[in-house]
Amino acid sequence: MEDPFYVIKADHLPALYYLERSHPRPRRMEWINRGTNSVLRPSTVDMLLRTLFRHPRSPSVKKLHDSSGLRVSFAGEPERDKFARTFLEARRHMRSNSARIVTAVFEGSESAEAAVEKLRQEGIPDKAVSMVWRTSQYLDADYKPSEGHGYLGIASAMAGGGIAGAMLGTAILIIPGVGPVAVAGALTASAFSSVAAFSGIIGATGSGIAKMLTDHDVDGVAATLYEQEIRKGRVFVSVDCVDANCDPAKIHKTLDEAGGKTAGLESGGLS
């Protein structure tokens, strides 16, 4: 007898980051074509996840987006029904998510640092600014450790001296499948608990980075896109306009002029 299951439409996947910690865990997950109920091939799943929240560039990719779903199976109907209710609430939470956080990604540390410096010149306090970037210095073949440094020195070495010095409170997270990730500024306080909270089902769509960003009030779709960009070595910057008492439109302009790109599904966003 087949286990009770629930099918999540592909475009609803970001709601997974808003699930309550106590949601029932599925026994099995598999990507399917919702029309034929057939399991997708690994290469097809890879294409789906790489293109899902970007504007489809071909009819075949759009068809894949529209027809795909994640089938999650449970031990019994009570668990399946509870998950369905919890997921519906998560979708409501995602739709009502606050727009107070202005976000962008930068190609590298120099442009991100320039943006942060410009924000400071405009009077934005450090406590309202956050940064996330993938670190790799410990993974480099020619890495040479600095002498006489404790934890802060290690964090600075992993993060890269310049960008780590851009603001106080840098933390290093080791995220499975990504490696060391540096978090600085306002996000630092909640980063560890966010990453620790992400569950196996979230691993089907991303990792602790996107969970961390949604906990920071970044929209779920945008967080999924930023996850991909951070994995590629780009630098995430955000400004909390409530904490900074600033105009979001002005902050968007500042980040844009400094070379930042925001997560957009159509034109003008991430490529």
Side-chain angles (χ1 to χ4, degrees), residues 11-21 49 52-55 89-107 112 115-116 119 124 126-134 167 169 171 173 175 178 181-199 202-244 246-256 258 260-266 268-271:
D11 59 357
H12 293 166
L13 288 173
L16 292 172
Y17 298 113
Y18 297 88
L19 283 173
E20 297 177 358
R21 296 189 186 187
L49 294 180
L52 186 54
F53 299 107
R54 302 177 187 275
H55 185 57
E89 184 59 34
R91 286 183 58 202
R92 289 173 179 158
H93 186 184
M94 183 178 71
R95 288 195 297 268
S96 65
N97 197 36
S98 170
R100 72 180 192 172
I101 304 292
V102 179
T103 59
V105 291
F106 293 81
E107 287 293 330
V116 171
L119 291 170
I124 304 300
D126 285 352
K127 68 176 184 178
V129 181
S130 295
M131 301 173 75
V132 180
W133 64 99
R134 185 180 182 181
M167 59 177 57
L173 305 178
I175 298 180
V178 181
V181 173
V183 183
L187 253 170
T188 307
S190 61
F192 287 97
S193 60
S194 295
V195 172
F198 93 91
S199 65
I202 290 176
T205 59
S207 82
I209 295 177
K211 171 62 177 171
M212 177 173 60
L213 297 183
T214 55
D215 284 354
H216 184 54
D217 281 343
V218 176
D219 169 77
V221 172
T224 304
L225 284 171
Y226 287 137
E227 161 97 21
Q228 297 172 17
E229 297 302 306
I230 292 168
R231 283 173 177 264
K232 294 175 184 176
R234 297 188 174 107
V235 182
F236 169 89
V237 176
S238 72
V239 178
D240 186 332
C241 281
V242 172
D243 261 2
C246 57
D247 177 8
K250 183 177 180 181
I251 300 302
H252 269 295
K253 183 179 179 181
T254 297
L255 296 178
D256 181 65
K261 296 181 179 179
T262 57
L265 300 181
E266 304 295 333
L270 302 176
S271 59

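FYI, the numbering just counts along the sequence from 1.
- For Glu89, the salt bridge (Lys or Arg N to Asp or Glu O under 4.0 Å) partners are Arg92, not counting sequence neighbours.
- At least one side-chain heavy atom of Thr103 sits under 4.5 Å from a side-chain heavy atom of Phe236.
- Residues Lys211 and Thr214 meet the side-chain proximity criterion, which asks for heavy atoms closer than 4.5 Å.
- A 4.5 Å side-chain heavy-atom check between Leu213 and Leu187 finds at least one atom pair inside the cut-off.
- Contact record, Ala186 with Lys127: CB-O, 3.2 Å, taken as the closest heavy-atom pair.
- A heavy-atom distance below 4.5 Å is not found between the side chains of Leu13 and Thr224.
- Between Tyr18 and Gly220, the shortest heavy-atom contact is OH-N, 3.1 Å.
- Here the shortest heavy-atom pairing between Cys241 and Cys246 reads SG-SG, 2.8 Å.
- Results of the side chain to side chain contact (heavy atoms under 4.5 Å, CB included) test with Thr188 over Leu173, Val183, Val132 single out Val183 as the only residue that passes.
- For Phe106, there are no ring pair (Phe, Tyr, Trp, His ring centres under 6.0 Å) partners at least two apart in sequence or on another chain.
- Of all non-hydrogen atoms in Asp11 and Pro14, the two that sit nearest each other are O-CD, 3.8 Å.
- For His252, there are no side chain to side chain donor-acceptor pair (under 3.5 Å) partners at least two apart in sequence or on another chain.
- Atom CZ of Phe53 and atom CD of Glu227 lie 11.5 Å apart (nearest 0.5 Å).
- Ile124 has its side chain within reach of Ile251: a pair of non-hydrogen atoms, C-beta onward, lies under 4.5 Å apart.
- Residues Thr262 and Tyr226 form a side-chain contact, since some pair of their non-hydrogen atoms from C-beta on lies under 4.5 Å apart.
- Residues Ala222 and Val218 share a closest heavy-atom pair of CB-CG1, 4.1 Å.
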